[in-house]
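What follows is a short report on a single structure.
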Amino acid sequence: MSASEQGPKIKYGDSAPKLDKAQLQFMKLIEEQNLDRVQKLKRIRRNNLLTAGALGVSVLAIYGYSIFSVQQEKFLDDFEEPKKVSS
């Protein structure tokens, strides 16, 4: 994590509250859980973007195929049957 992603640093000076060992361990545990949560959310977001991209590409492919097939149908509609020669 870069410094810009972390919160601001607070300088207490001499008025800083003294934390005992249990509180420090609890803070570290919470920080670890938060980092895990953030990583999980980033992974979910990446997967959602990949899914959205795949769906978008498939929609555009279906649309393109539809346009292509309609153009072929118009081409076939313009085709006139040759006149039969009677003998």
Side-chain angles (χ1 to χ4, degrees):
M1 222 184 210
S2 67
S4 63
E5 293 176 1
Q6 295 178 352
K9 301 292 181 185
I10 299 174
K11 297 180 182 178
Y12 288 108
D14 294 332
S15 65
K18 303 297 180 198
L19 300 175
D20 62 354
K21 190 174 184 179
Q23 289 174 331
L24 290 174
Q25 287 178 347
F26 183 69
M27 286 174 55
K28 288 185 182 194
L29 175 68
I30 296 299
E31 287 176 358
E32 289 175 6
Q33 289 175 352
N34 191 37
L35 285 175
D36 291 340
R37 182 185 63 86
V38 168
Q39 290 174 351
K40 180 181 175 185
L41 290 174
K42 283 183 179 181
R43 186 173 56 248
I44 289 172
R45 180 179 173 151
R46 186 193 75 225
N47 290 344
N48 286 346
L49 289 174
L50 289 173
T51 303
L55 288 173
V57 167
S58 63
V59 165
L60 291 175
I62 292 170
Y63 179 74
Y65 178 75
S66 300
I67 296 298
F68 177 72
S69 63
V70 166
Q71 287 176 351
Q72 277 189 334
E73 287 178 11
K74 287 182 181 176
F75 172 74
L76 293 175
D77 288 341
D78 291 341
F79 182 73
E80 294 181 14
E81 291 185 28
K83 295 182 180 179
K84 294 182 181 180
V85 178
S86 58
S87 333

_Pair Arg45, Asn48: side-chain N/O donor-acceptor within cut-off below 3.5 Å_ = no
*Enter the distance from Asp20:CG to Gln25:CD here, rounded to the nearest 0.5 Å.*
9.0 Å
_I'd like to check the side-chain contact (heavy atoms from CB on, under 4.5 Å) partners of Gln33; sequence neighbours left out, ordered by chain and number._
Leu29, Ile30
Quick one: side chains of residues 51-64, donor-acceptor pairs under 3.5 Å with protein atoms, not counting sequence neighbours, listed by atom name and distance.
unit_1	atom_1	unit_2	atom_2	d
Thr51	OG1	Asn47	O	2.9
Ser58	OG	Ala54	O	3.3
Ser58	OG	Leu55	O	2.7

*What pair of heavy atoms forms the shortest contact from Lys18 to Gln23, and how long is it?*
O-OE1, 4.3 Å
